[in-house]
Structure formats: C-alpha cells, structure tokens
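Have a look at the structure below before the remarks.
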Number of protein chains: 2
Amino acid sequence: MYEPVARTDRRRATEARIVDSAREQFAARGFDRTTIRAVAMSADVDPAPVMQYFGSKRGLFTRALQAAPAPGAAGDGAALLYQLLAPLGVKLGGMPDGTLAMLRSMLTDPASADHAREALGRQISGIGGALPAGEDGADGELRAALIVTTMPGMTIGRQLLGLDVLRDAPAERIGALLRPAIAALTEPPD
Amino acid sequence: MYEPVARTDRRRATEARIVDSAREQFAARGFDRTTIRAVAMSADVDPAPVMQYFGSKRGLFTRALQAAPAPGAAGDGAALLYQLLAPLGVKLGGMPDGTLAMLRSMLTDPASADHAREALGRQISGIGGALPAGEDGADGELRAALIVTTMPGMTIGRQLLGLDVLRDAPAERIGALLRPAIAALTEPPD
DNA sequence: GTCTATAGACAGATAGAC
DNA sequence: GTCTATCTGTCTATAGAC
C-alpha cells in the first residue's frame with residue numbers, strides 16, 4: 001500500500017518486456033515452435049510468472065497480436081489508395097512484428113488462421129465495396145481478394161522466407177512496380 | 001523366396017498408402033502438427049513400420065514432397081507463359097497436395113522454408129531471365145519475383161486459408177483477372 | 001517381417017516453498 | 001508476489017517379442 005504505483009509500474013514494465021519478447025519469437029518461429037521457456041529467458045524472467053500473467057500460451061499469443069494494430073476497414077474512397085499500398089508493407093519497408101507473427105502462424109495454427117481469415121476478409125470487403133463493378137456482373141470482391149492476397153504473398157517472400165531479390169530491393173521500387181499491376185486489378189474487365 | 005513378387009508388391013503398396021496419407025496430413029496440418037501415429041492410423045498400419053520404411057519423420061516428409069513434381073525451371077520463351085499461369089494453380093483449379101504440404105510448412109519449418117526458397121528462386125531466375133530488361137536498368141528479376149510470389153499469395157488465400165470469395169470463384173475467372181496484372185509486371189517500367 | 005512395449009526428451013501447466 | 005520443483009501428456013525413436 002505504500003508503493004502501489006512503483007509496484008504496478010514494475011509489473012507493467014515486466015509484462016511489456018514479456019509481450020515484446022513473445023511477439024519477436026512468435027514472428028520468428030510461429031506459435032508451435034515458440035516456447036514459454038524461451039520467451040521467459042529472452043525477457044529475463046522465469047516461466048512461471050508468464051503463465052500467471054497471461055493464463056496460457058494462447059493468451060500470451062493473443063496479447064502479442066493485439067499490440068500490433070490490426071489492419072482496419074476504413075471504408076471511404078480516400079482510404080482506398082492507402083489501403084492498397086500501406087498494407088502491402090511497402091511504405092514502411094516491412095510489416096510490424098505483430099503482423100508477421102500472425103502471418104507466420106496462420107498456416108499451421110487454426111486460431112491464427114481464423115484471425116487471418118477475418119482480417120483479410122475485412123480488407124477484401126472494404127476494398128471490394130469501393131471498386132467499380134463491371135458491367136458484365138463481375139463483382140469487385142474477387143478483384144479485391146486478388147489485390148489483398150498480394151500482401152501476404154509479397155511479405156512472405158520478402159520477410160518470412162527472405163528471398164534475396166525481394167529483400168534487397170528498396171521498398172519504393174517494389175511499390176512502383178506493383179502499382180500498375182494493382183491498377184489493372186482495380187479496373188473491371190471489359 | 002517362393003513369392004518374392006507378391007511380397008514386394010505388398011510392401012510397395014503399403015508404402016504408397018503411407019506416403020499418400022502422409023501427403024494429405026502434411027498438406028492439411030503442416031509438418032509439426034502431423035504425427036507419425038496419425039499417418040499410420042490413416043493408412044491403416046502401425047507406426048513402427050513407418051519409421052522402419054522412411055527412417056524418420058523428415059524422411060517421410062521428403063518422400064511426400066518428392067511425389068509431387070517440383071516446379072521446374074524451363075528456360076525458353078515458350079515455357080514462359082505456361083510458367084506464368086500453370087504454377088498459379090489456376091489451370092487445374094488447385095495445387096497438388098505435395099505443393100500444398102510444402103506451402104503449409106514453409107513458414108514454420110526451416111527445412112521446408114529452404115525447399116520453398118529454392119523452388120521459388122528457380123522460378124524467379126527462369127522467368128526473370130526471359131523478361132525484357134528495362135532501359136533504366138530495372139532488372140527483370142525483381143519483377144519476376146513479384147510475379148512468382150503471386151502464386152503462394154493466391155494459393156494461400158484460396159486453398160490454405162479458404163477465403164470464401166477466392167474458393168468460390170471459378171479458376172478461369174481468376175486467371176482472366178490475373179492476366180492483365182501479370183502483364184503489367186512483365187513490361188519494364190517507363 | 002511385423003508389431004508390442006518402452007525409452008528418452010520436452011512441452012505446458014500447477015502446487016507449494018520462500 | 002516470485003520462483004522451484006513436479007505433474008501430466010505427447011511426441012519420436014528404438015529394442016525386443018512373435
């Protein structure tokens with residue numbers, strides 16, 4: 001009761017350190033191969049408190065993902081162009097660790113797959129709604145899906161697999177090359 | 001010595017059944033979450049012979065991948081267009097299980113990552129060499145990489161994550177929409 | 001040759017000492 | 001509140017019985 005603030009602060013700092021370490025490891029190794037023990041050691045704490053704080057390994061994973069802003073679903077036309085490029089990871093030269101953690105685990109961990117499906121689905125709906133519909137009934141959602149899936153494709157090649165050609169290329173160059181391709185998908189087929 | 005053929009045939013048939021089950025499971029769950037036990041049960045054999053036949057879990061995984069033809073590196077111009085579309089999984093409406101197994105595991109299993117890196121690298125080199133170089137020195141390899149990484153991106157969305165929009169769309173439609181986008185990447189920037 | 005039984009390792013989670 | 005020690009379960013891999 002005499003130093004509640006200091007104690008709470010220490011606790012918060014420790015939690016933050018654990019979450020940071022966890023996010024790095026989840027991004028680097030995926031959910032399954034990341035161990036509570038390794039995270040604790042990296043954060044310089046013991047494994048027991050980690051369980052105490054977050055309840056379970058999955059709880060820690062969820063917290064690590066939450067720290068990174070989930071790709072939103074801005075709806076208006078102005079946000080469209082931003083949505084086309086920013087999520088591609090081109091602007092910042094790389095996706096944040098939280099997103100990488102989700103991408104890394106989405107193919108092997110069902111919960112991560114659900115998370116990814118929902119996040120990508122939101123992006124597809126947002127972009128698809130803003131795309132002009134083709135006269136032949138071609139709905140924009142499919143074109144939006146193809147645009148959106150370009151993000152994980154390139155991010156996987158560039159950051160997760162580390163393909164030399166993609167990793168060495170400056171972000172602006174990639175953006176410049178990608179822009180006309182995305183534009184082609186934006187316009188309805190004739 | 002009296003029925004060597006029949007015995008060998010039985011053995012071959014059993015091995016084939018095991019490899020088929022393994023390929024399905026590796027494609028569905030990835031390397032880590034696939035267990036020898038589950039594969040054996042699915043193939044209706046006991047786990048012990050599986051180890052006897054393939055030496056290790058990794059050996060079984062390798063065999064399961066080998067069964068599927070690795071994306072080749074055909075070099076001439078005629079193969080280029082085929083390389084652009086066939087690996088996209090559009091033609092056949094889906095990638096074979098062996099490829100899905102590799103894709104599923106490449107983000108969490110280092111050996112699978114190496115395999116994927118090499119396979120994609122071959123495709124990039126093959127296509128990049130055939131692409132016309134830009135006058136500003138923009139090399140074709142980067143554009144080839146962006147073309148090639150479209151494959152895992154779309155396949156992940158369509159088959160591994162199972163995004164509704166992509167899964168429900170007919171393959172020809174996807175191909176038709178993708179063609180102009182790929183064409184935009186094929187031509188050097190001005 | 002095929003299968004039962006087990007060894008050995010390592011994970012997540014928990015209970016109790018300090 | 002923090003950590004040591006342990007429990008429980010699951011896996012790969014191996015050795016030995018039939």
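Residue numbering restarts at 1 for every chain, and letters A, B, ... go by the order of the sequence lines. What's counted below: heavy atoms across the whole structure, side chains too, no hydrogens, waters or symmetry copies.
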Counting the atoms with a prime plus P, OP1 and OP2 as sugar-phosphate, which does F54(A) contact under 4.0 Å by heavy atoms, base, sugar-phosphate, or nothing?
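The residue F54(A) makes no contact with any strand.
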Please identify each residue that fulfils side-chain hydrogen bond (donor to acceptor under 3.5 Å, both in side chains) with D164(A), with sequence neighbours left out.
none
Check whether any side-chain nitrogen or oxygen of Y53(B) sits under 4.0 Å from OP1 or OP2 of dT2(C), and answer yes or no.
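True: Y53(B) side-chain N/O within range (under 4.0 Å) of dT2(C) OP1/OP2.
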Non-neighbouring partners of [X] that pass salt bridge (charged side-chain N to carboxylate O under 4.0 Å, His left out), sequence neighbours left out:
X: D46(A); value: none
X: R117(A); value: D114(A)
X: E24(A); value: none

Expressed as a whole number of angstroms, how long is the span from [X]:[atom1] to [N]:[atom2]?
X: Q25(B); N: dC11(D); atom1: CD; atom2: P; value: 12 Å
X: Q52(B); N: dA15(D); atom1: CD; atom2: P; value: 10 Å
X: E15(B); N: dT2(C); atom1: CD; atom2: C1'; value: 14 Å
X: D46(B); N: dA5(C); atom1: CG; atom2: C1'; value: 12 Å
X: F61(B); N: dA13(D); atom1: CZ; atom2: P; value: 14 Å
X: M41(A); N: dT4(D); atom1: CE; atom2: P; value: 11 Å

Tell me whether the guanidinium CZ or amine NZ of R11(B) lies under 6.0 angstrom from the six-membered ring centre of Y53(B) and within 45° of its axis.
yes
Is the positively charged end of R23(B) above the ring of F61(B), judged by distance under 6.0 angstrom from the centroid and angle within 45° of the axis?
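Checked: cation-pi criterion not met.
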Enumerate the protein-to-nucleotides 11-14 of chain C contacts in which both atoms are nitrogen or oxygen and the separation is below 3.5 Å.
{"unit_1": "dG12(C)", "atom_1": "OP1", "unit_2": "K57(A)", "atom_2": "NZ", "d": "3.2"}
{"unit_1": "dG12(C)", "atom_1": "OP2", "unit_2": "I36(A)", "atom_2": "N", "d": "3.4"}
{"unit_1": "dG12(C)", "atom_1": "N7", "unit_2": "R37(A)", "atom_2": "NH1", "d": "2.9"}
{"unit_1": "dG12(C)", "atom_1": "O6", "unit_2": "R37(A)", "atom_2": "NH2", "d": "3.4"}
{"unit_1": "dA13(C)", "atom_1": "OP2", "unit_2": "K57(A)", "atom_2": "N", "d": "3.1"}

Tell me whether [X] contacts the main-chain N or O of [Y] through its side chain, where contact means a donor paired with an acceptor under 3.5 Å.
X: E141(B); Y: V165(A); answer: no
X: K57(A); Y: T34(A); answer: yes
X: R143(A); Y: T186(A); answer: yes

Residues in contact with DNA chain C, drawn from residues 104-113 of chain A - heavy-atom cutoff 4.0 Å:
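Heavy-atom contacts with DNA chain C come from no residue of residues 104-113 of chain A; none.
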